[in-house]
Amino acid sequence: MAEYIIQTKNLDFNFSKSKKAIDNLSLNVPKGSIYGFLGPNGAGKSTTMRLLTGIIPDDSDSIEIFGASLQKQIPEIFNRLGCLVESPALYLHLSGYNNLKYIAKIREVDESRIDEMLNVVDLYNDRNRKVKQYSLGMKQRLAIAMALLSNPEILLLDEPVNGLDPNGIIEIRKLLVKINQEFGTTIFVSSHLLSEIEKMCTHVGIISKGKLRFEGTMKELSQNFGQCKITISLKNPKAVLEKIPEEYNAVEIETESKISLVLDDKERIPDFTKKLVDFGAEIYEIRIQEGLEEWFMSLTR
């Protein structure tokens with residue numbers, strides 16, 4: 001049985017009497033996982049983050065972290081938690097190094113950790129530059145270094161790639177995987193980007209309108225909802241269609257020199273393409289029509 005490091009039990013929260021921001025939310029975050037908390041904007045992700053970090057008090061005492069009530073562990077629990085909720089609070093007129101030095105003094109962390117964390121987030125060579133000269137991606141990495149200074153067991157990150165360009169998104173993704181694998185840190189990360197959660201996380205919880213719609217491993221998500229429908233443009237589709245096993249539900253799209261079929265998940269596409277070539281197919285194009293992304297959009301709409 002998995003050991004859960006974060007759990008919420010029927011968590012509710014209202015900003016007003018007429019609207020529930022969080023509705024009967026029960027999360028189970030395994031120790032050592034990268035847990036993606038996924039949902040569209042306004043789904044309740046940031047509100048949940050504020051509750052998990054104590055920014056918003058949980059009056060119902062429905063949150064357990066490290067197997068005990070969150071409310072009863074505040075403020076001592078923050079020695080074991082690293083948090084980045086909303087925009088990072090950085091001193092732009094100070095260098096990256098001095099931002100970390102300031103946090104180290106407040107949290108009574110040995111300053112020897114500063115260089116180590118700068119290396120982890122790949123900012124060591126920029127440690128003496130003022131933060132106002134940093135790119136948005138560098139600022140996010142510095143904020144993550146600040147959250148890691150006290151060597152936390154859990155890292156809570158709210159939309160860490162929001163506003164970043166594609167290179168910045170890739171850098172943050174690689175950094176989080178590195179932190180998880182090298183330090184064993186459990187990472188709880190919220191996002192509205194399904195593609196990033198797919199590439200990075202071991203587990204996922206999907207929230208919409210304050211309610212949990214799915215929770216499980218990425219493999220379970222793919223197995224349950226990850227079937228993908230593809231269309232293939234090719235020469236002489238009738239001849240190829242006769243060689244495709246019935247299990248794929250392959251059909252010809254009339255007048256378009258295409259066939260349509262269903263695969264268990266998109267990871268099957270490369271192997272299936274090789275089989276088509278072995279059948280003698282001359283392929284012009286393969287296009288994904290339906291899959292995990294379409295299911296996610298319909299579930300959270």
Side-chain angles (χ1 to χ4, degrees), residues 1-7 27-38 45 49 52-53 65-67 77-85 88 96 100 103-104 107 109-110 112-127 137-162 164 166-191 193-206 215-223 226 265-267 292:
M1 184 177 176
E3 180 184 351
Y4 297 121
I5 200 166
I6 299 173
Q7 285 188 293
L27 298 175
N28 298 281
V29 180
K31 185 177 181 180
S33 65
I34 304 180
Y35 187 105
F37 193 45
L38 186 64
K45 300 188 302 297
M49 279 287 191
L52 291 176
T53 53
I65 299 182
F66 305 119
I77 195 171
F78 295 112
N79 293 323
R80 305 173 70 186
L81 292 181
C83 310
L84 176 55
V85 180
L100 288 171
I103 297 299
R107 305 199 71 170
V109 174
D110 194 299
S112 64
R113 287 275 297 170
I114 296 175
D115 284 348
E116 181 183 353
M117 290 303 100
L118 285 167
N119 276 305
V120 167
V121 300
D122 197 25
L123 284 176
Y124 184 78
N125 292 334
D126 298 286
R127 64 192 184 281
M138 292 169 72
K139 289 175 182 174
Q140 286 293 91
R141 299 205 312 270
L142 179 62
I144 291 172
M146 293 164 74
L148 287 171
L149 263 182
S150 61
N151 195 25
E153 297 170 55
I154 301 174
L155 191 58
L156 293 157
L157 305 172
D158 186 20
E159 302 265 13
V161 299
N162 208 15
L164 299 185
N167 283 335
I169 290 173
I170 292 170
E171 287 175 356
I172 295 296
R173 183 209 312 153
K174 289 181 176 178
L175 172 60
L176 296 183
V177 172
K178 176 182 177 182
I179 291 166
N180 174 258
Q181 293 179 348
E182 292 188 5
F183 301 108
T185 309
T186 302
I187 299 176
F188 185 93
V189 54
S190 73
S191 180
L193 301 175
L194 175 61
S195 59
E196 282 309 302
I197 294 298
E198 277 189 280
K199 293 170 185 172
M200 176 174 59
C201 295
T202 59
H203 295 72
V204 64
I206 298 177
E215 184 179 64
T217 65
M218 287 305 304
K219 184 177 181 180
E220 288 169 341
L221 179 62
S222 182
Q223 287 173 342
D265 61 68
K266 68 180 182 182
E267 302 301 324
L292 196 54

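- The main-chain N or O of Leu193 is found under 3.5 Å from a side-chain atom of Ser191 such that the two form a donor-acceptor pair.
- Here Ile34 contributes atom CD1 and Phe188 contributes atom CZ; the two are 13.5 Å apart, rounded to the nearest 0.5 Å.
- Side-chain contact check for Leu148 versus Phe183: every heavy-atom pair is 4.5 Å or farther apart.
- A 4.5 Å side-chain heavy-atom check between Arg173 and Val161 finds every atom pair outside the cut-off.
- For the atom pair Asp126 CG and Leu142 CG, the distance stands at 10.5 Å (nearest 0.5 Å).
- Between the CG atom of Leu194 and the NZ atom of Lys199 there is a distance of 10.0 Å, given to the nearest 0.5 Å.
- The heavy-atom pair separating Arg141 from Ile172 by the smallest distance is CG-CD1, 3.7 Å.
- Looking only at distances, a side-chain donor or acceptor of Arg127 sits under 3.5 Å from a matching main-chain atom of Tyr124.
- Shortest non-hydrogen contact noted between Ala147 and Pro152 is O-CG, 3.4 Å.
- Checking Thr217, Asn180, Thr202 one by one against Ser33, the side-chain contact (heavy atoms from CB on, under 4.5 Å) holds for a single residue, Thr202.
- The minimum heavy-atom distance between Leu157 and Met49, with the atom names listed, is O-CE, 3.0 Å.
- Residues Leu175 and Val120 are in side-chain contact: their nearest non-hydrogen atoms beyond the backbone lie under 4.5 Å apart.
- Ile154 places a side-chain heavy atom less than 4.5 Å from the side chain of Phe66.
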Derivation and outcome, side chain to side chain contact (heavy atoms under 4.5 Å, CB included), residues Ile6 and Thr186: CA-CA 10 Å; Ile6 299 173; Thr186 302; 5.6 Å; no
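- For Asn28, the side-chain contact (heavy atoms from CB on, under 4.5 Å) partners are Tyr4, Gln7, Glu215, not counting sequence neighbours.
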Test side chain to side chain contact (heavy atoms under 4.5 Å, CB included) applied to Leu100 and Leu149, step by step: CA-CA 8 Å; Leu100 288 171; Leu149 263 182; 4.0 Å; yes
Side chain to side chain contact (heavy atoms under 4.5 Å, CB included) between Val204 and Glu198, worked out: CA-CA 9 Å; Val204 64; Glu198 277 189 280; over 6 Å; no
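- Residues Leu27 and Tyr35 form a side-chain contact, since some pair of their non-hydrogen atoms from C-beta on lies under 4.5 Å apart.
- The distance from the CD atom of Glu171 to the CE atom of Met138 is 9.0 Å, given to the nearest 0.5 Å.
- The backbone N or O of Phe37 sits nowhere less than 3.5 Å from a side-chain atom of Lys45 that would complete a donor-acceptor pair.
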From CA spacing to verdict: side chain to side chain contact (heavy atoms under 4.5 Å, CB included), Ile144, Leu176: CA-CA 9 Å; Ile144 291 172; Leu176 296 183; 4.2 Å; yes
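- Considering OG of Ser150 and CZ of Arg80, their distance stands at 11.5 Å, rounded to 0.5 Å.
- Residue Lys219 places its NZ atom among 12 or fewer non-hydrogen atoms of other residues, nucleotides or ligands, all under 6.0 Å distant.
- Residues Val85 and Leu156 are not in side-chain contact: their nearest non-hydrogen atoms beyond the backbone lie 4.5 Å or more apart.
- Using a 4.5 Å heavy-atom threshold, the side chains of Val177 and Met200 count as touching.
- Of all heavy-atom pairs between Ala104 and Ile114, the closest is CB-CD1, 4.4 Å.
- Atoms CD1 and CE, from Ile103 and Met117 in turn, are 14.5 Å apart once rounded to the nearest 0.5 Å.
- Shortest non-hydrogen contact noted between Leu164 and Gln140 is CD2-CG, 4.2 Å.
- Side-chain contact of Asp158 with Ser190: a donor-acceptor pair under 3.5 Å is present, judged by distance alone.
- Here the side chains of Leu221 and Ile206 are in contact, with some heavy-atom distance below 4.5 Å.
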